[in-house]
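Working notes for the structure below.
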Protein chains: 2
Amino acid sequence: MKISELSRRTGVPVASIKYFLRQGLLPAGRATAATLAEYGEEHAQRLRLIKALTTLGGLSIAATRDVLGALDQADTTEGALGAVSYALPVPVAAQSAAADEAEAEAAATAAAEVSELLAALDWRAPDTSPHVEGLAVALKELRRLDAGYAPGELAAYARLAESVARLDLERAAGLDDPVALAERAVIVFAICAPVFELLRRLAQEDQVRRRVAAEGTAFGTGRGPAAPGLADGSPPATSGRC
Amino acid sequence: MKISELSRRTGVPVASIKYFLRQGLLPAGRATAATLAEYGEEHAQRLRLIKALTTLGGLSIAATRDVLGALDQADTTEGALGAVSYALPVPVAAQSAAADEAEAEAAATAAAEVSELLAALDWRAPDTSPHVEGLAVALKELRRLDAGYAPGELAAYARLAESVARLDLERAAGLDDPVALAERAVIVFAICAPVFELLRRLAQEDQVRRRVAAEGTAFGTGRGPAAPGLADGSPPATSGRC
DNA sequence: CACAACAAGATACTGCCACTATCCAGTAGC
DNA sequence: GCTACTGGATAGTGGCAGTATCTTGTTGTG
């Protein structure tokens with residue numbers, strides 16, 4: 001099929017398809033002449049995957065390229081899973097080394113806390129994993145905001161995360177065809193995170209509603225209604241564009 | 001304190017502070033003269049919150065403004081929670097109405113599925129909630145990719161999400177001061193999502209490692225190693241920049 | 001008081017990203 | 001032969017998140 005038909009069938013503009021080709025997200029078609037190439041069904045499927053990764057998964061073009069590269073290069077499915085997991089962007093960016101001394105100490109404390117957690121859960125992960133680093137950074141920053149996790153809280157979250165991951169793996173493992181399996185794994189790892197986030201938000205909404213219904217206007221501590229806000233400053237101007 | 005000291009104490013460049021002021025994220029200081037203003041401790045705290053929302057929470061400037069506005073304007077803490085929840089960007093953007101007919105049908109099916117799920121879980125959420133819409137879009141797209149959730153799978157995820165939300169609410173409710181409580185709620189709702197995502201990734205890594213150890217090279221279906229890839233296309237060129 | 005150093009606010013500029021448009025030489029098919 | 005279309009290269013667009021510069025005014029030290 002020609003590029004125009006590929007565009008028609010996937011709903012992606014021709015210019016965008018060309019852009020993805022340039023960026024190496026989509027393999028080139030089989031050239032039949034100097035100015036003609038033939039695309040197949042696998043290009044349409046790949047294009048759908050690209051669209052899903054970028055719009056649903058929120059991945060950048062570079063991240064998408066890395067993920068697809070991992071998918072194509074891995075010899076084994078586990079290899080693909082690992083590579084994809086590492087190719088996905090880490091939600092919390094690693095920070096540059098802290099110049100401050102207190103900062104460095106806080107970072108070390110957080111890192112120790114993460115190691116301890118992993119040991120307690122018997123999760124095996126290398127210290128160099130971007131996820132381990134990101135977790136340490138996040139914990140450090142949360143403590144700076146006086147919103148650190150109480151001891152045990154983080155472990156409770158971790159146990160739930162483990163259950164979620166078990167479901168993920170089951171979902172990723174339920175296919176026979178290895179190619180389809182690797183692709184499914186990508187989808188589960190990359191795209192299902194937003195779905196879970198949505199479920200969590202809905203659950204939060206429901207919980208808030210329940211507590212309001214149960215306790216009247218008060219919430220949590222049983223205090224009356226309050227109007228929080230900055231003590232002296234005026235609130236930000238408009239909520240729309242600037 | 002002057003702007004330079006505010007900058008020194010928070011590590012945010014003066015130019016960026018001015019930018020946040022312009023964008024309405026940070027209330028103006030108390031003007032003491034035509035070219036002088038005084039900032040207080042609450043400005044430093046707000047600045048730390050802004051930094052956390054943008055770098056840890058991954059929020060855009062506009063989204064941060066909305067969240068902070070919700071926090072400042074809400075009369076009650078539950079109001080703040082609800083407003084913040086709606087001000088947070090939805091991970092899956094709502095799509096424009098489908099021109100295609102089959103597309104519209106798929107959207108309707110997905111919407112029905114979501115309603116059913118909510119009813120089964122006894123979660124009360126308005127159909128107009130952006131989270132409900134986002135979930136429907138995500139389910140529709142996943143089905144298009146042949147990676148839809150099997151019946152019951154989604155409910156299993158939802159139950160776990162409910163447990164996570166319960167932990168969230170406990171964390172958000174554990175303070176006496178209403179101002180601090182609202183701020184904590186923002187942090188829990190906005191920033192802890194990436195933390196959970198990291199935990200999930202680590203758990204996934206561990207699960208993969210366990211399965212590999214248990215089953216040798218094979219995975220899931222017990223098939224031998226495979227080298228997936230596009231049937232005819234060459235793999236994407238380089239993994240670095242273009 | 002003079003003057004260097006800094007402050008506030010307005011405006012303009014920068015770099016990055018994800019496209020999008022234009023141009024060109026080369027088929028395809030009537 | 002003529003028109004419509006193709007692949008490929010190059011350049012342009014619009015949005016975002018700052019960053020830099022400039023002007024005017026203030027401070028406080030000698």
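First the proteins, then the strands, lettered A, B, ... as listed; each starts at 1.
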Separation of [N] [atom2] from [X] [atom1] (nearest whole Å):
X: B:L26; N: D:dG18; atom1: CG; atom2: P; answer: 13 Å
X: B:I50; N: D:dG18; atom1: CD1; atom2: C1'; answer: 14 Å
X: B:Y39; N: C:dA7; atom1: OH; atom2: P; answer: 10 Å
X: B:M1; N: C:dA7; atom1: CE; atom2: P; answer: 13 Å
X: B:L6; N: C:dA7; atom1: CG; atom2: C1'; answer: 13 Å
X: B:Q23; N: C:dG9; atom1: CD; atom2: P; answer: 15 Å
X: A:R65; N: C:dC17; atom1: CZ; atom2: C1'; answer: 12 Å
X: B:L21; N: C:dT11; atom1: CG; atom2: P; answer: 16 Å

Between protein and nucleotides 1-5 of chain D, what N or O pairs are separated by less than 3.5 Å?
none

Query raised in the report: Which residue pairs satisfy the side chain to side chain donor-acceptor pair (under 3.5 Å) criterion with at least one member in residues 126-137 of chain B, sequence neighbours excluded?
Result: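 As it turns out, the side chain to side chain donor-acceptor pair (under 3.5 Å) pairs with a partner in residues 126-137 of chain B, which skip direct neighbours, are A:R201-B:H131, A:E205-B:S129, A:E205-B:H131.
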Query - Qualifying residues under ring pair (Phe, Tyr, Trp, His ring centres under 6.0 Å), relative to A:F189, sequence neighbours excluded - result: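 Residues passing ring pair (Phe, Tyr, Trp, His ring centres under 6.0 Å) with A:F189: none at all.
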Report task. Report the residues that fulfil ring pair (Phe, Tyr, Trp, His ring centres under 6.0 Å) with A:F196, sequence neighbours left out, ordered by chain and then residue number. Result ->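 Per chain and number, A:F196 pairs via ring pair (Phe, Tyr, Trp, His ring centres under 6.0 Å) with B:F196.
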**Report entry** Listed partners of A:E141 passing salt bridge (charged side-chain N to carboxylate O under 4.0 Å, His left out), at least two apart
**Finding:**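 Per chain and number, A:E141 pairs via salt bridge (charged side-chain N to carboxylate O under 4.0 Å, His left out) with A:R144.
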Requested in this report: Just jot down the salt bridge (charged side-chain N to carboxylate O under 4.0 Å, His left out) partners of A:E5, sequence neighbours excluded, or say none.
Outcome: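 Partners of A:E5 by the salt bridge (charged side-chain N to carboxylate O under 4.0 Å, His left out) criterion, ordered by chain and then number, come out as A:R8.
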Requested in this report: Report, as a single string ordered 5' to 3', how protein heavy atoms within less than 4.0 Å touch nucleotides 19-30 of chain C: B base, S sugar-phosphate only, - not at all.
Outcome: BB-----BSS--
Query raised in the report: Should we say atom CD of B:E41 is surrounded by more than 12 heavy atoms from elsewhere, each under 6.0 Å from it?
Result: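 Enclosed.
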Requested in this report: To the nearest 0.5 Å, tell me how far B:Y39 OH sits from B:L47 CG.
Outcome: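 Those atoms lie 10.5 Å apart.
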Requested in this report: Could you list the residues that satisfy side chain to side chain donor-acceptor pair (under 3.5 Å) with B:E153, not counting sequence neighbours?
Outcome: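 Result, side chain to side chain donor-acceptor pair (under 3.5 Å) vs B:E153: A:R171.
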Query - Test side chain to side chain donor-acceptor pair (under 3.5 Å) applied to B:Y157 - qualifying residues, sequence neighbours left out - result: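 For B:Y157 the side chain to side chain donor-acceptor pair (under 3.5 Å) partners, ignoring immediate neighbours, are A:D168.
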